[in-house]
Structure formats: structure tokens, C-alpha cells
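Each ligand, and each atom within it, is numbered from 1 in the order the structure gives. Hydrogens, waters and symmetry mates play no part in the numbers below; they use all other heavy atoms, side chains included.
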Amino acid sequence: MIKVGIPRALLYYQYYPLWRTFFEELGVEVVVSPPTTQAMLSSGSSRVVADTCLPVKIFLGHVLALVDKCDCIFIPAIRSVKRKVYNCSKFLGLPDMTRAVIPESPPILDIDIDVNRGKRVLYQAIYRLGRHFSWNPFRVKQASIAAWQTHLNYQQLMSSHRLTPPQAIARISAPSKAESEVCPDPPDSTQATVAVIGHPYLLYDEYINHRLIHRLEQARNQVLTPEMLTIEELESATVRLAGKARWTYDAEVVGAGGHYLDKEVDGVIGVMTFGCGPDSLMMDMVRRYAGRLGAASFTSLTLEEHTAEGGMLTRLEAFLDMIYRRRRRQATVCV
Ligand code: SF4
């Protein structure tokens with residue numbers, strides 16, 4: 001059976017169930033790279049110039065980890081998944097960049113996704129990808145319909161059950177496992193409700209973020225993330241703050257930040273990476289909005305290759321102390 005490798009980085013957290021269903025429906029075995037390690041980061045970094053953003057360096061480390069484990073590696077070039085809303089330029093050139101800097105890579109399977117070019121071009125691109133495994137266009141069509149349905153179920157699972165992508169992927173991959181094994185019960189009493197916003201490849205890669213979500217939960221906080229909101233909630237908050245979405249990632253940064261600042265949370269933590277142009281603009285928009293509202297506290301954490309765990313924890317503890325004090329003050333006033 002042909003083995004297709006999927007790097008556990010960048011768009012993996014958004015599209016893995018869709019990609020896996022598509023390939024498996026076509027009789028292909030999917031191999032995923034292991035969770036990020038220092039060795040993967042170092043190997044990815046060694047292939048590119050220093051000012052490349054951290055998530056791309058990590059992505060390349062994941063590709064290197066797959067080199068001798070599969071027959072080909074799937075790396076899509078996703079330009080746009082919504083009309084006139086575009087992805088960061090790093091995603092557009094990802095297959096070409098990988099070919100250039102990792103010449104020992106097995107063949108790279110790419111697909112150009114740009115909904116602005118119309119449905120016909122999109123379907124042709126999907127068929128070209130599927131043709132590597134089946135010449136039967138009907139089979140490729142069936143695989144893409146099943147994949148899209150899996151994607152919709154995945155999004156619905158995250159928003160309706162308030163799951164993170166890794167929890168939802170675990171639930172889909174092992175539906176027979178007890179629910180408490182996949183996503184532990186929330187603590188009986190929570191200290192505070194904290195929203196963590198940012199790109200999924202920063203929020204859910206525990207190596208990059210030093211287990212941020214796990215640490216917040218261990219401190220008995222309820223943690224909310226962008227994927228726990230519906231597309232409608234994200235879009236309406238994006239329109240409120242930014243007028244109109246222009247970046248694909250407006251929803252998970254501006255939309256999620258705006259929504260959570262408006263309701264239900266004590267604090268919002270924006271996670272971004274050093275050297276990311278889109279993040280610096282979007283996070284600033286959320287920061288200003290938080291300042292105008294004054295309802296919930298906001299802080300941002302900037303991650304980079306040399307971010308020390310101790311420094312990040314000190315900032316996190318200071319932020320949590322601030323929101324706990326604020327909660328206590330508000331409780332006293334109400335009494
Ligand atoms: S959005 Fe920022 S972090 Fe993500 S790939 Fe682009 S430059 Fe890198």
C-alpha cells in the first residue's frame with residue numbers, strides 16, 4: 001500500500017481529518033510525523049535563513065522526520081478558501097520551498113487551492129491529486145465528498161463539545177475510547193475562564209508553546225480556544241472589529257479575540273510568533289479592542305526559537321494573578 005506522509009505542523013490542525021479521509025478512501029496509508037521535538041526544530045532551522053518564521057522552520061523539521069517513512073509527502077499550497085480572503089504568503093510557496101530546501105524529500109504531492117479561480121478549477125485540482133491513486137473520477141469524487149463531510153463533522157465536534165483540535169482528532173481516531181480518556185472532565189471549581197487565541201499551529205504544538213493550555217488547565221482554569229466557536233460567531237466578531245476579513249487567519253485571531261472579549265471570559269491570551277507580519281497587525285487590533293472595552297484582561301505571548309520556558313511561565317503567572325485579583329474584587333463589590 002502506498003504511504004503518504006503528513007507533517008504534524010501548520011495546517012495539520014485544521015485539515016488532518018479531511019486529508020486522512022480523502023487518502024484512505026483512495027486506498028492510501030497515511031503516516032503522520034511525531035510531535036515536535038528540539039531535534040526537529042533544529043533540523044528544520046538548519047535549512048532556511050534565520051528570519052523565517054518559527055512555524056515554517058518546525059514544518060520543515062516535520063518533513064525531514066518523514067523522509068524515509070513514506071513514499072510521498074502531501075504539502076498543499078492553500079491560497080484562499082474564501083473569496084477575496086487570502087492566506088499568508090508562506091503557505092502559497094510551501095511545496096516549492098520544501099522541494100528547494102529538502103532535496104532528499106520523497107516526491108511532494110501538492111495541490112493548489114484557490115476558490116477565487118472558481119469551482120471548476122478547484123475540482124480539476126482535486127481530481128489531479130486523486131489521480132495519483134485512482135484513475136476512476138467517480139472514486140475521486142466519492143473520496144472528496146467523504147472528506148468534506150468529515151471536515152464538517154470535525155468542525156461541528158469542536159464547536160459543539162468545546163474540544164481542541166487534538167482532542168477532536170483523538171475522538172475521531174478512537175471513537176471507542178472512553179470520553180474521559182480523550183478529554184478529561186473540567187475541574188469542579190474553576191479559578192477563571194481564559195481564552196487562548198492564535199494560529200492552531202501555535203496553540204496546539206506543545207513543544208513551541210511550552211504546554212500553555214495544559215498549564216492553564218492544571219491551574220484549574222477553564223480554557224477556551226477559537227475552534228470552540230462556530231464559523232458564524234467568528235465571522236460576526238471579525239466584521240465588528242475589522243470591518244471585513246482579508247486574511248484567512250482574521251477569524252482565529254481577530255474574530256476569536258473580539259468574541260471572547262465581548263463575553264464570558266476573565267482574560268484573553270494572544271499567542272503569536274516573532275517575525276509574523278499578519279500576527280503583529282491582527283493581535284494589535286485585539287489589544288486595542290480590549291483596551292476600549294476594559295471588560296477582560298488581555299496579554300500577548302510572543303514565541304520564538306529561543307523562548308525560555310521560565311520567562312513565559314513568569315508572564316503567565318503574573319497575568320493569572322492579575323485576573324484572579326480582578327475576579328475577587330468584582331465578587332466583593334457584588335456582595
Ligand atoms: S501567518 Fe505568520 S506564523 Fe503563520 S506562516 Fe505566515 S508568517 Fe508564519
Side-chain angles (χ1 to χ4, degrees), residues 6-16 19 33 36 40-64 73-82 84-102 108 110-114 165 196-210 212-213 225-227 234 238 241-242 245-257 269-287 300-307 312:
I6 294 186
R8 189 189 296 260
L10 292 180
L11 298 170
Y12 162 87
Y13 298 96
Q14 274 161 292
Y15 297 113
Y16 172 64
W19 294 341
S33 54
T36 308
M40 286 159 104
L41 170 56
S42 305
S43 64
S45 297
S46 69
R47 301 296 176 116
V48 280
V49 292
D51 59 0
T52 307
C53 72
L54 176 63
V56 169
K57 289 177 180 169
I58 286 183
F59 178 84
L60 296 173
H62 280 266
V63 173
L64 284 162
I73 301 187
F74 178 57
I75 305 181
I78 301 194
R79 280 163 210 276
S80 173
V81 289
K82 193 171 170 211
K84 304 220 167 122
V85 178
Y86 294 93
N87 235 336
C88 157
S89 59
K90 302 276 174 26
F91 289 98
L92 317 189
L94 211 49
D96 293 333
M97 178 172 55
T98 310
R99 277 188 198 101
V101 301
I102 309 186
I108 289 176
D110 60 1
I111 175 172
D112 211 338
I113 300 284
D114 183 357
V196 185
I197 61 165
H199 306 298
Y201 43 85
L202 295 178
L203 303 192
Y204 307 113
D205 187 322
E206 294 198 325
Y207 182 79
I208 308 186
N209 63 36
H210 301 293
L212 174 64
I213 292 181
T225 64
E227 293 74 19
L234 289 169
T238 305
L241 260 77
R246 288 178 179 81
W247 295 100
T248 303
Y249 291 114
D250 269 334
E252 65 208 25
V253 179
V254 179
I269 300 176
V271 181
M272 53 194 279
T273 178
F274 181 74
C276 171
D279 272 6
S280 59
L281 292 172
M282 293 186 291
M283 217 50 100
D284 192 52
M285 213 177 269
V286 180
R287 184 196 311 280
S300 62
L301 296 175
T302 304
L303 306 173
E304 49 130 339
E305 227 165 318
H306 307 292
T307 299
M312 199 200 84

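Ranked by closest heavy atom to atom 7 (S) of ligand 1, the top entry among Met272, His199, Lys90, Met282 is Lys90.
Checking Cys53 against atom 6 (Fe) of ligand 1, every N/O/S atom stays at or beyond the 2.8 Å cut-off. Look at Cys88 and atom 2 (Fe) of ligand 1: no N/O/S atom of the residue is under 2.8 Å from the metal.
A heavy-atom distance below 4.5 Å is not found between the side chains of His62 and Leu10. The closest side-chain heavy-atom distance from Leu234 to Glu252 is not below 4.5 Å.
Heavy atoms only, all atoms of each residue included: Met283 and Val253 are closest at SD-CG1, 3.7 Å.
Regarding atom 3 (S) of ligand 1, its nearest protein heavy-atom neighbour is Thr273 CG2, 3.4 Å. The nearest heavy-atom contact from the protein to atom 4 (Fe) of ligand 1 is Tyr201 OH, 2.2 Å.
By the 30° and 60° cut-offs, the orientation of the rings of Tyr207 relative to His210 is tilted.
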- Go through the steps to decide whether Ile75 and Asp110 satisfy the test side-chain contact (heavy atoms from CB on, under 4.5 Å), and finish with yes or no. CA-CA 5 Å; Ile75 305 181; Asp110 60 1; 5.5 Å; no
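Of all atoms in ligand 1, listed by their number and element, those nearer than 4.0 Å to a heavy atom of Cys276 are 1 (S), 2 (Fe), 3 (S), 7 (S).
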